[in-house]
Peer 1: 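Below is a structure I'd like to ask you about.
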Number of protein chains: 2
Amino acid sequence: MENQQVGSIHFQIDFSQPLYEQILDQFRSSIAKGEIDLGDKIPSVRELAQALKINPNTVMRAYQELERDGLTEKRRGQGTFVTASKEQVDHFRHQLAGKYIESFILQMENLGYSWSDIKTYMDKKHLGN
Amino acid sequence: MENQQVGSIHFQIDFSQPLYEQILDQFRSSIAKGEIDLGDKIPSVRELAQALKINPNTVMRAYQELERDGLTEKRRGQGTFVTASKEQVDHFRHQLAGKYIESFILQMENLGYSWSDIKTYMDKKHLGN
DNA sequence: CTAAGTGTATTATATCACTTAATACACTTG
DNA sequence: CAAGTGTATTAAGTGATATAATACACTTAG
């Protein structure tokens, strides 16, 4: 149940998921939503580890995955930076959204809901939005 | 990569998820979709364990969760049976579907998609359905 | 050049979820 | 009574996760 502000980023850490996944997801979200600007530097491995009171290796694991996502670039001796390419971020958003949708539809179909069921169901669920 | 037919139920087992979760999900789906009739007996713990070549304790874990879902009832000395109540099955479907939708929407919002974004996105994704 | 701060790599250890194994008990039915 | 149910217990093994300590290569500020 940690609750930390590091630079411009707010971290919510608990024990419901692996730590490195939570860090990864919160960076993904912050970058995707533009809460961190393109090209910005993100906290160093040691700095974030110290702030969140976790091991540097755990932060490293999240940062490596971020780079594989194409969301960050690392410069040895300088730090880790958000990609300057809006296209890369958009590609990531589009790709992950596709996976989310596929797996959501599969879940619903496993419960016996057809595609049209899903649409009407979701309309009811979010009338006000 | 197991692929087994046990009674009227077909099982797909791999190592991508815990075994007990896969068994659980496949029973949930079979019952929700009506592929197993209300009141039917499902395989005994030992029988399913033997057929899938896994430990009885692992099957037990899945069966206990099924009962907590309200989808099955156990009769000591007789076996495990699908609930005879259509209402219970419908309640389970409705409840789980709600959780799926909530978590799906949260995922999409974390990627920066608004509710209207999601709807148009999903329409494109499934034009033919 | 030096010191401090970067990312990176390695080795060891600890914990927890998951799974298996072996065994035993209580209950029901033929 | 025998065979088949669900259930409980104890022990052990494995892999993912996380920590700890340490070291190396690189970059920049001073």
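If you're wondering where the values come from, they're calculated on a predicted model, not measured in any experiment. Each chain gets a letter, A, B and so on, in the order the sequences are listed, and its residues count up from 1.
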Peer 1: Can you check the A:L48 CG to C:dG5 P distance for me, whole Å?
Peer 2: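 Taking CG of A:L48 and P of C:dG5, I get 17 Å after rounding.
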Peer 1: Specify the angle, to 10°, made by the local axes at the two ends of the helix from C:dC1-D:dG30 to C:dG30-D:dC1 when five pairs are taken at each end.
Peer 2: 10°
Peer 1: Examine B:I31 and A:L106 and state if one hydrophobic cluster contains both, with Ile, Leu, Val, Met, Phe, Trp and Tyr joined whenever side-chain heavy atoms are less than 4.5 Å apart.
Peer 2: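 Shared cluster, no.
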Peer 1: Starting at atom CD1 of A:I23, determine the distance to atom C1' of D:dT17, rounded to an integer number of angstrom.
Peer 2: 12 Å
Peer 1: Counting only heavy atoms from other residues, nucleotides and ligands, does the tally under 6.0 Å from CD of A:Q50 exceed 12?
Peer 2: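 Not buried by this count: 12 neighbours or fewer within 6.0 Å.
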Peer 1: When B:H91 is tested against each of B:Q95, B:E87, B:R93 for side-chain contact (heavy atoms from CB on, under 4.5 Å), which residue passes?
Peer 2: B:Q95
Peer 1: Between C1' on C:dT19 and CG on B:L52, what's the gap in Å once rounded to a whole number?
Peer 2: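 Going from CG in B:L52 over to C1' in C:dT19 covers 14 Å.
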Peer 1: Answer yes or no on whether A:R28 is positioned over the face of A:F92, meaning its NZ or CZ is under 6.0 Å from the six-membered ring centre and within 45° of the axis.
Peer 2: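 A:R28 over A:F92 ring: no.
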Peer 1: If you check the A:I54 side chain, which of D:dA18, D:dT19, D:dT5 turns out closest?
Peer 2: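 Taking heavy atoms from C-beta onward, the closest nucleotide is D:dT19.
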Peer 1: Measure CD/B:E47 against P/D:dA3 and give the value in whole Å, please.
Peer 2: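 Atom CD in B:E47 sits about 18 Å away from atom P in D:dA3.
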Peer 1: Starting at CD1 of B:I13 and ending at P of C:dC18, how long is that distance when rounded to a whole Å?
Peer 2: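 Taking CD1 of B:I13 and P of C:dC18, I get 15 Å after rounding.
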Peer 1: Would you say the base of D:dA18 and the side-chain of A:N55 have a donor-acceptor pair closer than 3.5 Å?
Peer 2: no
Peer 1: With the side chain counted from C-beta on, respond yes when B:I9 and B:P43 share a heavy-atom pair under 4.5 Å apart, and no when they do not.
Peer 2: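 Yes - at least one pair of side-chain heavy atoms lies under 4.5 Å apart.
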Peer 1: Look at the side-chain N and O atoms of A:Y20 and state whether any lies under 4.0 Å from the OP1 or OP2 oxygen of D:dA18.
Peer 2: no
Peer 1: Check whether any side-chain nitrogen or oxygen of A:T58 sits under 4.0 Å from OP1 or OP2 of D:dT17, and answer yes or no.
Peer 2: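 False: A:T58 side-chain N/O out of range (4.0 Å or more) of D:dT17 OP1/OP2.
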Peer 1: Salt bridge or not between B:R68 and B:E65? Use side-chain N to carboxylate O under 4.0 Å.
Peer 2: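 Between B:E65 and B:R68 there is a salt bridge, with a charged N closer than 4.0 Å to a carboxylate O.
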Peer 1: Starting from P on C:dC27, measure out to CD on B:E73 and report it in whole angstrom.
Peer 2: 20 Å
Peer 1: Using the ring pair (Phe, Tyr, Trp, His ring centres under 6.0 Å) rule, take A:F11 and A:F27 through it: C-alpha gap first, then chi angles, then the decisive distance, then the call.
Peer 2: CA-CA 9 Å; A:F11 288 91; A:F27 271 111; 5.5 Å; yes
Peer 1: Closest heavy-atom contact between A:A97 and B:M108?
Peer 2: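 Distance-wise, the nearest heavy atoms are CB-CE, 3.9 Å.
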Peer 1: Output the rounded distance in Å from CD (B:Q17) to P (C:dC18).
Peer 2: 11 Å
Peer 1: Take atom CG of B:L19 and atom C1' of C:dA17, then tell me their distance rounded to the nearest Å.
Peer 2: 12 Å
Peer 1: Could you report the tightest heavy-atom contact between B:A32 and B:V89, atom names first, then the distance?
Peer 2: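 That closest heavy-atom pairing would be CA-CG1, 4.2 Å.
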Peer 1: With the sugar-phosphate defined as primed atoms, P, OP1 and OP2, and the base as all remaining atoms, what B/S/- string results for nucleotides 6-15 of chain D, 5' to 3', for protein heavy atoms under 4.0 Å?
Peer 2: BBSB------
